[in-house]
Amino acid sequence: MKVCKFGGSSMASGETIKKVAEIIRSDADRKFVVVSAPGKRFKEDIKITDSLLNAYAECKKGKALDKLLAPIFERFVGIATDLGIQDKVDLTSVFKEIEQGIVASPIPDFAAAQGERLSAMLLAAYLGYEFIDAREIIRFADNGVFNAEYTNDLARKRLSDKQAGVVIPGFYGSTSSGQIRTFSRGGSDVTGAIVARAVKAEIYENWTDVNGFLTADPRIVENPKPIPELSYRELRELSYMGANVLHPESIFPVRKANIPINIKNTFDPQNPGTMILPGVLQHDRLITGIAGKKGFVSILIEKSMMNNEIGFTRKLLSVLENLNMSFEHLPSGIDTMTLIIADSEIGNKLQELVGGIREAVSPDRLEIQSDLALIATVGHGMAYKPGTASRLFTALSRVGVNIKMIDQGSSELNIIVAVSGEDYEKAINAIYEEFIN
Ligand code: ASP
C-alpha cells in the first residue's frame, strides 16, 4: 500500500484537485493521502498558509479578523464549488470556529494549520474518503518539540485497521492538551513520511510540481539533468544545502522503516521522477548533485599555541550556545580556527558574538568576512575514487574562483567549499560542467 502526499500547488484549485483525485483513483494502493494547504495558482498568488499567518498577525494587532479571513473563505468556497461539494462541507461553521480559535490563540500555529485542515476536508469529501485530523495522530511536547515515537504509536493504532481511503492534513499535530503545533514550513512532507512509517507503506509518494530532484538548481544552471535515483544520505546533504524539493526532516521517519520515497509530478504523472532509496546505490555515477546556499559569515580566530590550550574549542562554542546560535563549519589550523555561521543565525547579534569570543578565548586576531556562499558537491561515487577533489578544485580555478574553505568529511559523501557570494553562480556552473555535463 502507498502513502501519497500532495503539495500546495497540487491542492491550489478545484482544477488541480481533480488531477490529484485522478492520480489517487488510478491506483487502488493509494489509500493514505496527506495534503498541504492550497498554494500558489500563479506566480504572484499568495499561499493560504501565508494568508492565515498574516490574518493571525494583523488580528493580534487589533484588526478585524472577519475581514482578514474573508478572502481565504472565498478561496475555499470557490474550490468546493468547482468540485461540486459545496453541500458536503459546511465551510461557514468551520470558519466561525477558525475565527474563534485564532482570537483565543496565543501562538500562530493554530491559524497556520487551518489551510491543511480545510484542504484535507475538501479532498476527503470529494473522494468519499475518511477525514482523520492530524491532531489525533501527531504529537508534540508542550514546548513544541515533535515526539516521534509517541506519534508513531498513536498513528499506528489509529490507522492500521483502515481498509478504505483516508485523507490526513499535513504540517500540524497537537500537544497532549490539544493545542495545535506545526512543523516548520513545508512540513506536510514530514507528515507524509510519518504516516508512511506508521502504516508500513511499501512506498511514500511525494507529489509536487516538478519531475523530482535535479542535479543542480535550474535558476543557476541551464536545463540541469534530473536525478533518477538518490540515497537517503545524499538526499539529506542536498536538501540541507538548499535543494528544496522535499523538507529535509522527511527522511527520518521513513529511514526507520526503510521505505523508499518517490518524488512525482502531479502535472506530469507518467514521468518516473526521483526515487530515494536506503543504502548506498551502486552505479558508476561519480557525482549525484550540486547544491548550495548563500548568506554566510566566517569568523577567523587566531591565537598562538591554540592547539595546546585544553578546552579552547569548548570555550569558543559555549559563546554560541549562550547566544542560542548554531554554526555550519569549524575548520581549524595549528593556530587558527574559523567559524562559519549563517547570517540568519547571527541576526543582529554579531557584536555580541564577537565580544563573547574575545572574552572567552582572548584571540590574538579576529577577522570577519561576510557574504560567503557554501557549495556542496554530493555523491557516494566519490568515495575511494582518487582525483575527485582535484578535478573540483581545478574546475574552480579555471574560472578564477577563489576557494575560501574546504570541508570533506571522512564519509566522502560530499565536498563542501565556501566561495565569495559573487562567485556562487559561476562556481556551481563550473562544477556542473566538470562532473555532470
Ligand atoms: N502549508 C505549509 C507551508 O506553506 C506546509 C506545507 O505545505 O507543507 O509551509
*Asks:* Are Ile276 and Asn262 side-chain neighbours, meaning at least one heavy-atom pair lies under 4.5 Å?
*Replies:*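 Result no, sub-4.5 Å side-chain heavy-atom pair not found.
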*Asks:* Using salt bridge (charged side-chain N to carboxylate O under 4.0 Å, His left out), reason through Glu234 and Arg285 one step at a time and then give a plain yes or no.
*Replies:* CA-CA 13 Å; Glu234 288 172 325; Arg285 186 174 69 194; 3.7 Å; yes
*Asks:* Would you list the atom pairs, donor with acceptor, under 3.5 Å between side chains in residues 345-358 and any protein atom, with sequence neighbours excluded?
*Replies:*
{"residue": "Glu345", "atom": "OE1", "partner": "Ser326", "partner atom": "N", "Å": "2.9"}
{"residue": "Lys349", "atom": "NZ", "partner": "Leu323", "partner atom": "O", "Å": "3.2"}

*Asks:* Side-chain contact test, heavy atoms from C-beta onward, threshold under 4.5 Å: evaluate it for Phe252 versus Arg197 and give yes or no.
*Replies:*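 A side-chain contact is absent here, since even the closest heavy-atom pair is not under 4.5 Å.
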*Asks:* Below 4.5 Å, heavy atoms only, C-beta onward: do Ser36 and Lys47 meet side chain to side chain?
*Replies:*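 Of all side-chain heavy-atom pairs linking Lys47 with Ser36, none is under 4.5 Å.
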*Asks:* Partners of Lys43 by salt bridge (charged side-chain N to carboxylate O under 4.0 Å, His left out), sequence neighbours excluded?
*Replies:*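 Residues passing salt bridge (charged side-chain N to carboxylate O under 4.0 Å, His left out) with Lys43: none at all.
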*Asks:* I'd like a table of donor-acceptor pairs (distance under 3.5 Å, sequence neighbours excluded) in which one partner is a side-chain atom from residues 391-403, with atom names and distances.
*Replies:*
{"residue": "Arg391", "atom": "NE", "partner": "Glu434", "partner atom": "OE2", "Å": "2.7"}
{"residue": "Arg391", "atom": "NH2", "partner": "Glu434", "partner atom": "O", "Å": "3.0"}
{"residue": "Arg391", "atom": "NH2", "partner": "Glu434", "partner atom": "OE2", "Å": "3.3"}
{"residue": "Thr394", "atom": "OG1", "partner": "Ser390", "partner atom": "O", "Å": "2.5"}
{"residue": "Ser397", "atom": "OG", "partner": "Thr394", "partner atom": "O", "Å": "3.1"}
{"residue": "Arg398", "atom": "NH2", "partner": "Glu434", "partner atom": "OE1", "Å": "2.8"}

*Asks:* Return the CZ to CG distance between Phe76 and Leu122, rounded to the nearest 0.5 Å.
*Replies:*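 Reported value, rounded in 0.5 Å steps: 6.5 Å.
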*Asks:* Does atom CD (Glu202) have a neighbourhood of more than 12 heavy atoms from anything else shown, all under 6.0 Å?
*Replies:*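 More than 12 within 6.0 Å, yes.
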*Asks:* Would you check, one step at a time, whether the test side-chain contact (heavy atoms from CB on, under 4.5 Å) holds for Tyr172 with Asp133?
*Replies:* CA-CA 9 Å; Tyr172 73 93; Asp133 197 331; 2.6 Å; yes
*Asks:* Taking atom types as modelled, is there a side-chain donor on His329 or Thr338 under 3.5 Å from an acceptor on the other?
*Replies:*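 His329 vs Thr338: no donor-acceptor pair found between side chains.
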*Asks:* Are the side chains of Ile340 and Asp407 in touch, meaning some heavy atoms are under 4.5 Å apart?
*Replies:*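 SC-SC contact between Ile340 and Asp407 ruled out.
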*Asks:* Can you confirm whether Lys2 is buried at NZ, in the sense that more than 12 heavy atoms of other residues, nucleotides or ligands lie under 6.0 Å from that atom?
*Replies:*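 Yes, enclosed.
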*Asks:* For the residue pair Ser298 and Leu372, what are the closest heavy atoms and their distance?
*Replies:*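 Taking Ser298 first and Leu372 second, the nearest heavy atoms are CB-CD1, 3.5 Å.
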*Asks:* Just by modelled atom types, is the Ser9 backbone N or O under 3.5 Å from a matching donor or acceptor in the Lys40 side chain?
*Replies:*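 Answer holds: no.
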*Asks:* Taking only residues two or more places apart in sequence or in another chain, which ones pass salt bridge (charged side-chain N to carboxylate O under 4.0 Å, His left out) with Lys256?
*Replies:*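 Salt bridge (charged side-chain N to carboxylate O under 4.0 Å, His left out) list for Lys256, sorted by chain: Glu149.
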*Asks:* Taking all heavy atoms of Ile263 and all of Gly212, pick out the closest pair and write down the distance.
*Replies:*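 Heavy-atom minimum between the residues: CG2-CA, 3.6 Å.
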*Asks:* For Ile23 and Ser26, which heavy atoms make the closest approach, and how far apart are they?
*Replies:*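 Ile23 and Ser26 have their closest heavy atoms at O-OG, 2.7 Å.
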*Asks:* Are any non-hydrogen side-chain atoms of Leu214 and Lys225 less than 4.5 angstrom apart?
*Replies:*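 Sidechains of Lys225 and Leu214: no contact.
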*Asks:* Are His380 and Ser231 close enough that a side-chain donor and a side-chain acceptor fall under 3.5 Å?
*Replies:*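 The criterion, which ignores hydrogens and geometry beyond distance, is satisfied for Ser231 and His380.
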*Asks:* Salt bridge (charged side-chain N to carboxylate O under 4.0 Å, His left out) for Glu425 and Lys294? Distances and angles first, verdict last.
*Replies:* CA-CA 10 Å; Glu425 282 82 7; Lys294 281 182 168 181; 3.4 Å; yes
*Asks:* Can you tell me how far apart OG1 (Thr266) and CG (Asp209) are? Round to the nearest 0.5 Å.
*Replies:*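 The distance works out to 7.5 Å.
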*Asks:* Are any of the side-chain heavy atoms of Thr151 and Ile137 separated by less than 4.5 Å?
*Replies:*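 With C-beta onward as the side chain, the pair stays apart.
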*Asks:* Under 3.5 Å, is there a donor-acceptor pair linking the side chains of Asn211 and Asp268?
*Replies:*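 Yes.
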*Asks:* Which residues pass the salt bridge (charged side-chain N to carboxylate O under 4.0 Å, His left out) test with Asp50, sequence neighbours left out?
*Replies:*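 Listed in chain order: Arg185.
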*Asks:* Carefully, step by step, assess Ile299 and Leu366 under the rule side-chain contact (heavy atoms from CB on, under 4.5 Å).
*Replies:* CA-CA 7 Å; Ile299 303 174; Leu366 190 151; 3.9 Å; yes
*Asks:* Got a second to check how far Thr313's OG1 is from Asn307's CG, nearest 0.5 Å?
*Replies:*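 Atom-to-atom, Thr313:OG1 and Asn307:CG are 8.5 Å apart.
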*Asks:* Has Lys385 got more than 12 heavy atoms of other residues, nucleotides or ligands less than 6.0 Å from its NZ?
*Replies:*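 Yes, NZ of Lys385 has more than 12 neighbouring heavy atoms, counting only those of other groups under 6.0 Å.
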*Asks:* Would you kindly say whether Asn429 and Tyr424 are connected by a side-chain donor-acceptor distance under 3.5 Å?
*Replies:*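 Short answer, no.
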*Asks:* Mind checking what makes ring-ring contact (aromatic ring centres under 6.0 Å, His included) contact with Phe146, not counting sequence neighbours?
*Replies:*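 In terms of ring-ring contact (aromatic ring centres under 6.0 Å, His included), with neighbours along the sequence ignored, Phe146 is linked to Phe140, Phe183.
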*Asks:* Test of understanding: with side chain to side chain contact (heavy atoms under 4.5 Å, CB included), list the residues that count as partners of Pro248, not counting sequence neighbours.
*Replies:*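 If we apply the side chain to side chain contact (heavy atoms under 4.5 Å, CB included) test to Pro248, skipping adjacent residues, the hits are Arg236, Ser239.
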*Asks:* Do Leu317 and Leu320 come close enough that some side-chain heavy atom pair is under 4.5 Å?
*Replies:*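 Contact flag for Leu317/Leu320 side chains = yes.
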*Asks:* Got a sec, which pairs hit side chain to side chain donor-acceptor pair (under 3.5 Å) with one end in residues 364-377, sequence neighbours left out?
*Replies:*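 Listed by first then second residue: Glu302-Arg365, Ser304-Asp364, Arg365-Glu367.
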*Asks:* Check the pair Lys5 / Glu205 against salt bridge (charged side-chain N to carboxylate O under 4.0 Å, His left out), numbers first and verdict last.
*Replies:* CA-CA 6 Å; Lys5 179 257 164 179; Glu205 291 181 341; over 6 Å; no
*Asks:* Would you please name every residue forming a ring-ring contact (aromatic ring centres under 6.0 Å, His included) with Phe6, sequence neighbours left out?
*Replies:*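 Checked Phe6 against ring-ring contact (aromatic ring centres under 6.0 Å, His included); matches are Trp207.
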*Asks:* Please identify each residue that fulfils ring-ring contact (aromatic ring centres under 6.0 Å, His included) with Tyr204, with sequence neighbours left out.
*Replies:*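 Tyr204: no ring-ring contact (aromatic ring centres under 6.0 Å, His included) contacts found.
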*Asks:* Looking at Val199, Ile194, Val166, which one forms a side chain to side chain contact (heavy atoms under 4.5 Å, CB included) with Val3?
*Replies:*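 Option passing the side chain to side chain contact (heavy atoms under 4.5 Å, CB included) with Val3: Val199.
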*Asks:* Other residues, nucleotides and ligands only: do more than 12 of their heavy atoms fall within 6.0 Å of CD1 on Ile46?
*Replies:*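 Open.
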*Asks:* Could you give all pairs that pass the salt bridge (Lys or Arg N to Asp or Glu O under 4.0 Å) test and reach residues 110-123, with sequence neighbours left out?
*Replies:*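 Counting only pairs at least two positions apart or across chains, the salt bridge (Lys or Arg N to Asp or Glu O under 4.0 Å) contacts touching residues 110-123 are Glu97-Arg117.
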*Asks:* Is the side chain of Asn143 donor-acceptor paired with the backbone N or O of Val145 at a distance under 3.5 Å, no angle test?
*Replies:*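 Flag set: sc Asn143 to bb Val145 pair under 3.5 Å.
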*Asks:* Apply salt bridge (charged side-chain N to carboxylate O under 4.0 Å, His left out) to Glu309 and Lys315, showing your working.
*Replies:* CA-CA 10 Å; Glu309 193 177 323; Lys315 282 183 253 171; 3.2 Å; yes
*Asks:* With Glu433, which residues qualify under salt bridge (charged side-chain N to carboxylate O under 4.0 Å, His left out), at least two apart?
*Replies:*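 With neighbours one apart ignored, the set is empty.
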*Asks:* Do you know which two heavy atoms are closest between Met337 and Leu330, and how far apart they sit?
*Replies:*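 Closest approach of Met337 to Leu330, heavy atoms only: CG-CD1, 3.7 Å.
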*Asks:* Distance alone, cut at 3.5 Å: any donor-acceptor contact between the side chains of Arg139 and Ser174?
*Replies:*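 Result is yes, a qualifying pair exists.
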*Asks:* How about CD on Glu58, more than 12 heavy atoms from neighbouring residues, nucleotides or ligands closer than 6.0 Å, or not?
*Replies:*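 Check passes, neighbour count above 12.
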*Asks:* State, with a plain yes or no, whether a side-chain heavy atom of Leu159 is found less than 4.5 Å away from one of Val195.
*Replies:*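 Contact flag for Leu159/Val195 side chains = yes.
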*Asks:* Please find the pair of heavy atoms, one from Ala113 and one from Ile180, that lie closest to each other, and give the distance.
*Replies:*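 The answer is CB-CG2, 3.7 Å.
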*Asks:* Where is the tightest heavy-atom contact between Tyr126 and Ala21, given as atom of each residue plus distance?
*Replies:*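 Smallest interatomic distance, heavy atoms only, reads CE2-CB, 3.5 Å.
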